[in-house]
Amino acid sequence: MRMFKDFTKGLWAENPTFRLLIGLCPVLGVTTSVVNGVSMGVATTFVLVCSSLIISLLKKVIPSGVRIPAYIVLISTFVTIVELVMKAFMPDIHSVLGVFIPLIAVNCIVLGRAEAYASKMPVIWSGFDALGMGLGFTWALVLLSSIRELLGEGKLLGYSVLGDGFTPWKIMGQAPGAFITLGLLLGLMNLIPIMINKFKSKSSKAE
Amino acid sequence: MELFLIFLGAAFVNNFVLVRFLGICPFIGVSTKFETSIGMGLATTFVMVVASTVTWLIQHFILAPFGIEYLQTVAFILTIASLVQLVEMFLHKASPALYRALGIYLPLITTNCAILGMAVLLAQGSYNLGESIIFAIGAGVGFSLALIILAAIREELEFADIPKPLRGAAIAFIIAGILALAFKGFEGLV
Amino acid sequence: MRETLRMIIVLTVIGMVSGLVLSLTNSWTQPIIQDNLARRLQESVLEVLPGTKSVRSVELPAQSPSSDHPSPGADQKNKERVSMIIESLDESEEPVGFAFVTEESGYGGVLKVLVGVHVPEMKISSITILEHGETPGIGSRIEGAEFRDQFIGLTTNDPITLNRDIDNLTGATVSAKAVTDAVRLGLEIAVPAYEGGR
């Protein structure tokens with residue numbers, strides 16, 4: 001039960017992108033297409049889970065005075081492994097994601113989870129916490145990149161969806177489109193709980 | 001002339017925040033007050049200039065000659081973290097006034113991806129040391145400019161009647177989008 | 001004191017393990033990464049020099065006078081401008097021409113251009129942009145055929161200068177100038193290097 005809770009809180013209640021507002025650079029930077037968004041999400045989740053597990057495992061060994069440098073070295077090691085493997089087996093995606101791959105190392109989500117959770121909690125819980133956070137980050141990337149690819153190119157996953165009659169909104173593929181779409185999505189995410197509360201209070205009155 | 005173009009490119013045409021999406025967290029997080037945004041901008045620019053020099057030296061005298069470029073991320077991030085620490089200690093001793101003004105922003109800068117992003121971009125390019133420093137100044141000025149503009153607008157927004165779900169970060173992103181649109185005007189500059 | 005010692009030991013061990021793991025990963029992935037690059041380069045060579053059946057790399061002579069005090073960065077631009085020369089051969093192993101990779105700083109970092117040259121007339125057959133970090137939609141117009149095709153047929157005797165024999169791209173002067181400079185300066189190094197290296 002505890003594990004399930006650790007896992008699901010990252011997906012919604014403490015979603016890093018929509019609720020905690022951390023790690024937003026790649027959310028804006030790589031979401032021009034769904035493929036890029038998914039790749040970035042998976043890469044970040046991998047780093048997050050690996051570093052959380054190992055930091056939780058070593059929490060008794062690492063003295064608190066050198067905690068942060070130790071975490072930074074561990075995290076950036078995993079990031080470099082991801083970078084080298086992507087460069088070898090997915091060179092096209094690697095060149096598109098570019099500078100945002102090494103930047104996973106300074107993604108606030110990774111260091112944040114290490115410091116706030118993995119350094120205090122048992123290994124298994126930390127793993128589920130990291131997995132939930134990673135997947136929460138991934139679905140946010142997928143949602144944003146779907147909207148941007150659909151409106152910016154009329155495509156989804158590279159397949160034409162909206163047909164030839166649709167004039168692509170070029171701006172969605174560029175910086176302003178990214179900022180405005182994320183702003184509106186954040187608004188929408190804030191609106192959902194408000195609507196649910198309204199609905200609940202209405203139905204309770206009706207009773 | 002070429003140096004000026006590098007500066008212009010880093011500060012305006014390829015603005016770190018509004019075009020390259022680097023340093024978004026402090027851009028949204030520290031932009032609620034005009035005064036703090038100036039402090040954050042200054043501190044970031046300062047660290048950028050120091051970090052660009054040190055990482056350039058590491059790249060060209062240690063990583064590249066020994067063929068260990070794969071250690072780049074680890075080396076750069078450790079350098080930046082210890083650099084921030086050193087700057088903090090140095091400011092504390094040398095200039096207490098400046099420390100009081102900038103000190104609280106320094107710890108936040110370690111995880112500012114604009115710094116590591118700048119170091120990685122510089123390592124990929126072929127700039128010499130002087131050009132790298134100009135690039136860093138441009139990047140810092142561009143970051144500060146975007147941050148200060150957004151903070152000034154958000155201060156005014158406190159009195160505006162914004163729909164409830166859009167309050168806070170949501171409206172800040174929409175404004176950032178409009179700013180990014182304005183910065184697109186710089187694209188044809190040179 | 002014991003605490004300090006422990007800090008140092010733990011950090012050192014973590015650093016060493018990390019270095020070891022990364023060097024192992026690097027030695028595993030590096031050959032694959034090199035293969036990828038070689039394959040992509042071969043495809044690009046085929047693009048700039050149609051008729052290529054096989055390729056052979058040509059030894060690069062030192063491009064700048066050797067100095068006693070090599071200072072990285074200062075004259076690095078000239079030293080590393082041409083990073084590779086590849087000879088292309090047809091079915092009968094006769095040279096079709098050669099291609100070289102030339103670099104210049106653009107707006108958003110390094111710009112890498114692959115230039116194909118026909119032999120023996122030493123005329124540019126075609127150029128293609130291998131890598132660039134220019135602004136999408138503006139600087140990236142250097143990738144368009146309209147701009148690139150202007151270089152076809154030029155030799156070292158041509159000025160290859162922006163606004164003389166190469167038309168500028170309005171609003172993307174820096175990117176266009178970077179490509180033009182890369183081609184001109186690269187050609188000046190690559191032609192004698194190819195002739196000397198054969």
Side-chain angles (χ1 to χ4, degrees), chain A residues 18-31 68-69 71-84 87 98-112 115 171 174-195, chain B residues 14-29 69-78 80-82 85 107-108 110-121 123-124 162-184 187:
Chain A
F18 294 131
R19 288 276 171 257
L20 306 181
L21 299 172
I22 52 176
L24 293 172
C25 298
V27 173
L28 294 165
V30 304
T31 49
I68 299 295
Y71 295 170
I72 288 178
V73 173
L74 290 170
I75 292 169
S76 48
T77 305
F78 286 115
V79 171
T80 311
I81 293 173
V82 167
E83 184 172 17
L84 290 171
K87 214 172 175 180
V99 72
F100 286 103
I101 299 175
L103 289 183
I104 297 174
V106 281
N107 190 319
C108 322
I109 304 174
V110 184
L111 195 61
E115 174 76 356
I171 204 75
Q174 298 170 352
F179 281 111
I180 294 173
T181 313
L182 182 59
L184 292 175
L185 271 180
L186 285 175
L188 190 68
M189 294 299 155
N190 292 336
L191 188 64
I192 291 171
I194 297 177
M195 293 305 271
Chain B
N14 286 327
N15 184 281
F16 260 51
V17 182
L18 295 172
V19 180
R20 288 193 202 263
F21 306 115
L22 296 172
I24 300 292
C25 290
F27 177 63
I28 296 297
E69 278 108 335
Y70 60 90
L71 289 179
Q72 194 189 58
T73 311
V74 184
F76 281 7
I77 195 172
L78 267 184
I80 292 167
S82 29
Q85 201 85 57
L108 292 173
T110 314
T111 51
N112 181 345
C113 57
I115 315 272
L116 183 64
M118 177 203 65
V120 173
L121 284 174
Q124 286 169 355
I162 303 162
K164 207 174 156 205
L166 287 180
R167 274 176 210 169
I171 193 76
F173 273 110
I174 295 172
I175 296 166
I178 298 169
L179 282 179
L181 213 51
F183 266 70
K184 283 190 81 63
E187 272 178 7

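Every chain is numbered from 1 and lettered A, B, ... according to where its sequence line falls, protein lines coming before strand lines.
- Partner of B:Cys113 under the side-chain contact (heavy atoms from CB on, under 4.5 Å) criterion, chosen from A:Val106, A:Val99, A:Asn107: A:Val106.
- The candidate with the highest count of non-hydrogen atom pairs below 4.5 Å against chain A, out of B:Leu18, B:Ile28, B:Leu22, B:Ile24, is B:Ile24.
- Contacts between A:Leu111 and chain B at a heavy-atom distance below 4.5 Å involve the side chain alone, from C-beta outward.
- Looking only at side-chain heavy atoms (C-beta outward), A:Leu103 and B:Leu116 come within less than 4.5 Å of each other.
- Every residue two or more places apart in sequence or in another chain that forms a ring pair (Phe, Tyr, Trp, His ring centres under 6.0 Å) with B:Phe21 is listed here: A:Phe179.
- A:Ile194 touches chain B through its side chain: at least one heavy atom from C-beta onward sits under 4.5 Å away, while N, CA, C and O do not.
- Comparing A:Ala175, A:Pro176, A:Gly23, A:Cys108 by how many heavy-atom pairs each has under 4.5 Å with chain B, the most go to A:Pro176.
- Judged as a side-chain hydrogen bond (donor to acceptor under 3.5 Å, both in side chains), not a single pair has a partner in residues 179-194 of chain A (not counting sequence neighbours).
- With values rounded to the nearest 0.5 angstrom, A:Thr80 atom OG1 is found 13.0 Å from B:Glu69 atom CD.
- Residues A:Pro102 and B:Gln72 are not in side-chain contact: their nearest non-hydrogen atoms beyond the backbone lie 4.5 Å or more apart.
- Chain B forms the most heavy-atom pairs under 4.5 Å with one residue out of A:Leu28, A:Ile180, A:Leu21, A:Ile192, and that residue is A:Leu28.
- Heavy atoms closer than 4.5 Å to chain A are found in the side chain of B:Ala81, but not in its backbone.
- Atom CZ of B:Phe16 sits about 11.0 Å away from atom SG of A:Cys25, to the nearest 0.5 Å.
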| Pair B:Thr73-A:Ile101, side-chain contact (heavy atoms from CB on, under 4.5 Å): steps then yes or no | CA-CA 10 Å; B:Thr73 311; A:Ile101 299 175; over 6 Å; no

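- With a 4.5 Å cut-off on non-hydrogen atoms, A:Leu84 touches chain B through its side chain but not through its backbone.
- Heavy-atom minimum distance, A:Gly183 versus B:Ile174: CA-CG1, 3.9 Å.
- For A:Ile171, the part lying near chain B is the side chain, with the backbone staying farther off; criterion is any non-hydrogen pair under 4.5 Å.
- Within the 4.5 Å cutoff, side-chain heavy atoms of A:Leu186 are placed close to those of B:Phe173.
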